[in-house]
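Each chain gets a letter, A, B and so on, in the order the sequences are listed, and its residues count up from 1. This one's a predicted model, so the numbers in the text were calculated from it and none came from an experiment. Scope of the values below: all heavy atoms of this structure, side chains included, with no hydrogens, waters or symmetry mates.
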Amino acid sequence: MSTVVTRFAPSPTGYLHVGGARTALFNWLLARHTGGKFLLRIEDTDLARSTEDAVDQLLEDLRWLGLQWDNSELVYQSKRLDLYNRIIGDLLAKGLAYEAWETNEELDALRKQAEKAKRAFIYRKRTYTEDELKKFRDENRPSVVRFIMPVKDYRFHDVVLGKEIVQPAPECQDFVIRKTDGMPTYHFGVVVDDAEMGITHVLRGLEHLKNTFNHIALQEALGYARPIYAHLSVMLNPETGEKLSKRDRDRRIRKRVHEWMKSAKKTITDLATACGIAPDRLTDWITTDTRQLDLAEQPLVMKIVGLTEADLPEIMIHDFRKNGYFPEVLNNFLALQGWSPGGDLEQMSMAKMVELFSLDRINASNPKFNREKLQSFNTEHAASAGPDRLLSGMRDYLAANPDSPLNIATDEQLLKILDMKKGLRTFRQVDESSSFLLMPDDKITYAPDAVEKVLKKNDAQGLCALRDLRPLLANVTDWTSANIEHAITAYIEQTKLGLGKVAQPIRVAVSGGTISPPIFDSLQFMGKDATLARIDRCIAKVGTPEM
RNA sequence: GCCCCCAUCGUCUAGUGGCCCAGGACAGCCGGUUCUCAGCCGGCGAACAGGGGUUCGACUCCCCUUGGGGGUACCA
């Protein structure tokens, strides 16, 4: 009985994305379920795209999710070139691989030609003439190393698909194993490292299905054991129906910018001046679909066109953290994208998932990622979580959102706010609806539509109520929620106004908007002086002379 | 173009030939509760893509069509 060894092998090109996180989760679950090991390897063979920052972000996200890996020393492919070169040298010496000199342009031309002839492009070993070889060397043309893929049928059993996948002999081709820059290709790196690390189960995205044949051929040539393969479905964006991608956020902003220009009758130049980004840069971005705003530019543009963080689709794990989800809920939800324990069970702890996880209950069809259900899970989890978990969750959210006014709150204050916001969906929602409680007075801005609707409408009825209420509240000696309620209820009975007609003006005066925790509790939280000061300030700012 | 994978309510799914005129969850709709947002309570509508087989019997097995997705790199 050999133990299970799984791995997650991301390439460090940015924050961890949901698809990757699900792959990591499944590998982690399998390892934990079987008492095996879960290893982490960094596939940084693409020199142009890999960064050290990205590695840090990746590790941070994985830790946040609680997917702890078991290798104390991270495996970086970029640090293993000696090993790869030794093996490639052997392959070359044995005549199982060879150098090839075609340029990208030549290969492109061949591919186009094949497509025109309606057949697949297959690369097989070419013999170069002595003259050609001399010419290549003379002009110092860089070469790649290609593996001679033995021409035969390849087959393997896939656990998720539950069947044998076959590649017929005519589709075999000699693929590149070392690039001109001296780095191994993905195919070569995975095969060598999976074998070296003793990986027994490879769970990875479906986009790798056809790569598996290359990997098998290499394993056979190198005398490696074949791991068990399980290819996971790809998660789809419900809006586009395509693979979830980091680009989706940019798309959303782009769409909104178009709407904004149309409805507000603005141009891209207006946008550029408003957000302080060079007009050329923005024009280039808006006219070229493949261009993306970088992380620093996004918020500037979003602010102008009226988009908030919460409006963008979360794609990166970091986005979910910033938007105030529990990591355990995200894991639970991600697990359900393609796996089910069977029956009606959906909401589970990590421990329960570990207990119930099994490969043969993984689905092969591609799920569309549906945020509403995730939100609902988060809501229910928050409702059943104890104060400690809520507080630590809130603290974690605040750490990811250093600009929130709630960062100055004490634990006691946070606990009170959390208690007032029972029924919360996300921590961001708590933040957005409660941060006025801890903001300095002069940071409160009054939302124009709230002022209009709640204070000024009907001959400024709301504002009048505020003026009436001001002395009544000043008379409350013991400033508790219950006493405040008494005072206000008395006023309601006397004036025959509904509670809504009175509570809303106070809410606007105190928070600037129409959303807050229950109003009496909010006033108690702020204290008498702060409450009266805000009411005065509101009357002064909003009150009209003719009143 | 070529190769491959997939197919149950709008979405995620349960269902492994009779337990299913198909169950759950989210979303939706209707009603109730409430000072706002949320929440909560009660109710409703909603699917086996189509066509052939196999079988006493198909959501479940096979084939075709259609639809969706992925790959087609010196990216992983």
Requested in this report: Scan every strand shown for a Watson-Crick or G-U wobble partner of B:rC40, both distances under 3.5 Å, and answer none if you come up empty.
Outcome: B:rG32
Query - Interface residues of residues 367-375 of chain A with RNA chain B (non-hydrogen, below 4.0 angstrom) - result: A:P367, A:K368, A:N370, A:E372, A:K373
Query - For B:rA7, the Watson-Crick or wobble partner whose two distances fall under 3.5 Å - result: B:rU66
Report task. Scan A:L161 against the nucleic acid and name what it touches under 4.0 Å (heavy atoms): base, sugar-phosphate only, or nothing. Result -> sugar-phosphate
Query - Watson-Crick or G-U wobble partner of B:rC48, both distances under 3.5 Å - result: none
Report summary line: Going 5' to 3' through nucleotides 36-49 of chain B and flagging B where a protein heavy-atom sits under 4.0 Å of the base, S where only the sugar-phosphate is that close, and - otherwise, we get BBBS----------
Query raised in the report: If you look at every strand shown and take non-hydrogen atoms under 4.0 Å, does A:G498 touch a base, only sugar-phosphate, or nothing?
Result: nothing
Report task. Please state how far atom CZ in A:R22 lies from atom P in B:rC12, giving the value in whole angstrom units. Result -> 12 Å
Requested in this report: With heavy atoms under 4.0 Å as the rule, sort A:Q337 into base, sugar-phosphate or nothing.
Outcome: sugar-phosphate
Query raised in the report: Is A:R251 salt-bridged to A:D248, cutoff N-O under 4.0 Å?
Result: yes
Query raised in the report: Which whole-number value in Å describes the distance from A:I122 CD1 to B:rG1 P?
Result: 18 Å
Might you list the N or O atoms of the protein lying below 3.5 Å from N or O atoms in nucleotides 58-60 of chain B, with each pair's distance?
none

**Report entry** Aromatic ring proximity A:F136/A:Y128, centre distance under 6.0 Å
**Finding:** yes
Report task. Could you tell me which residues satisfy ring pair (Phe, Tyr, Trp, His ring centres under 6.0 Å) with A:F121, sequence neighbours excluded, listed by chain and number? Result -> none
**Report entry** Check: A:W69 ring centroid to A:F8 ring centroid under 6.0 Å
**Finding:** no
Report task. Answer with yes or no after comparing the ring centroid distance for A:F326 and A:F377 against a 6.0 Å cut-off, counting only values under it. Result -> no
Query - 5′-ward residue of the pair A:E115/A:T240 relative to RNA chain B - result: A:E115
Query raised in the report: A:F436 and A:F525: aromatic ring centres closer than 6.0 Å?
Result: no
Query raised in the report: A:E346 has an atom CD; how far is it from atom P of B:rG15, in whole Å?
Result: 13 Å
Query - Between B:rC35 (C1') and A:E485 (CD): distance, integer Å - result: 9 Å
For residues 490-498 of chain A, which side-chain N or O atoms pair as donor and acceptor with protein atoms under 3.5 Å away, sequence neighbours left out?
residue	atom	partner	partner atom	Å
A:Y491	OH	A:D468	OD2	2.8
A:T495	OG1	A:Y491	O	2.8
A:T495	OG1	A:I492	O	3.4
A:T495	OG1	A:L497	N	3.4

Query raised in the report: Excluding sequence neighbours, so at least two apart, what forms side chain to side chain donor-acceptor pair (under 3.5 Å) with A:S516?
Result: A:R507
Query - Aromatic ring proximity A:H208/A:Y186, centre distance under 6.0 Å - result: yes
Query raised in the report: How close or far is atom P of B:rU13 from atom CG of A:L336, stated in whole angstroms?
Result: 8 Å
Query - Nearest-nucleotide comparison on RNA chain B, the residue closer to the 5′ end among A:I165 and A:S340 - result: A:I165
Side chains of residues 50-59 of chain A: which donor-acceptor partners sit under 3.5 Å, not counting sequence neighbours?
residue	atom	partner	partner atom	Å
A:S50	OG	A:D46	O	3.0
A:T51	OG1	A:A54	N	3.0

Query raised in the report: Whom does B:rU16 pair with, Watson-Crick or G-U wobble, provided both distances fall under 3.5 Å?
Result: none
Query raised in the report: Does a nitrogen or oxygen in the side chain of A:K112 sit under 4.0 Å from OP1 or OP2 of B:rG1?
Result: no
Write down the protein N/O and nucleotide N/O pairs, taken from nucleotides 62-66 of chain B, whose separation is under 3.5 Å; answer none if there are no such pairs.
none

Report task. Output yes when a side-chain donor or acceptor of A:N401 lies under 3.5 Å from a complementary backbone atom of A:Y397, and no otherwise. Result -> yes
Query raised in the report: Excluding sequence neighbours, so at least two apart, what forms side chain to side chain donor-acceptor pair (under 3.5 Å) with A:E346?
Result: A:K373
Using residues 166-175 of chain A as the side-chain source, report each donor-acceptor pair under 3.5 Å to any protein atom, sequence neighbours left out, with the distance given to one decimal.
residue	atom	partner	partner atom	Å
A:Q173	OE1	A:Y123	N	2.8
A:D174	OD1	A:M149	N	3.1
A:D174	OD2	A:Y98	OH	2.8
A:D174	OD2	A:K125	N	2.9

Requested in this report: Figure out the NZ/C1' separation between A:K501 and B:rU34, and round it to whole Å.
Outcome: 15 Å
Query raised in the report: Rounded to whole angstrom units, what separation is found between the CZ atom of A:R119 and the P atom of B:rC3?
Result: 13 Å
Query raised in the report: With sequence neighbours left out, what residues match A:K112 under side-chain contact (heavy atoms from CB on, under 4.5 Å)?
Result: none
Requested in this report: Under a 3.5 Å limit for both distances, which nucleotide forms a Watson-Crick or G-U wobble pair with B:rA58, could you say?
Outcome: none
Query raised in the report: Under 4.0 Å between a side-chain N or O of A:N363 and OP1 or OP2 of B:rA14?
Result: yes
Query raised in the report: Any donor-acceptor pair under 3.5 Å linking the side chain of A:D250 with the backbone of A:R247?
Result: no
Requested in this report: Take nucleotides 70-76 of chain B nucleotide by nucleotide from the 5' end and write B, S or -, depending on whether a protein heavy atom sits under 4.0 Å from the base, only from the sugar-phosphate, or from neither.
Outcome: SS-SBBB
**Report entry** Watson-Crick or G-U counterpart of B:rU72, or none if no pair lies under 3.5 Å
**Finding:** B:rG1
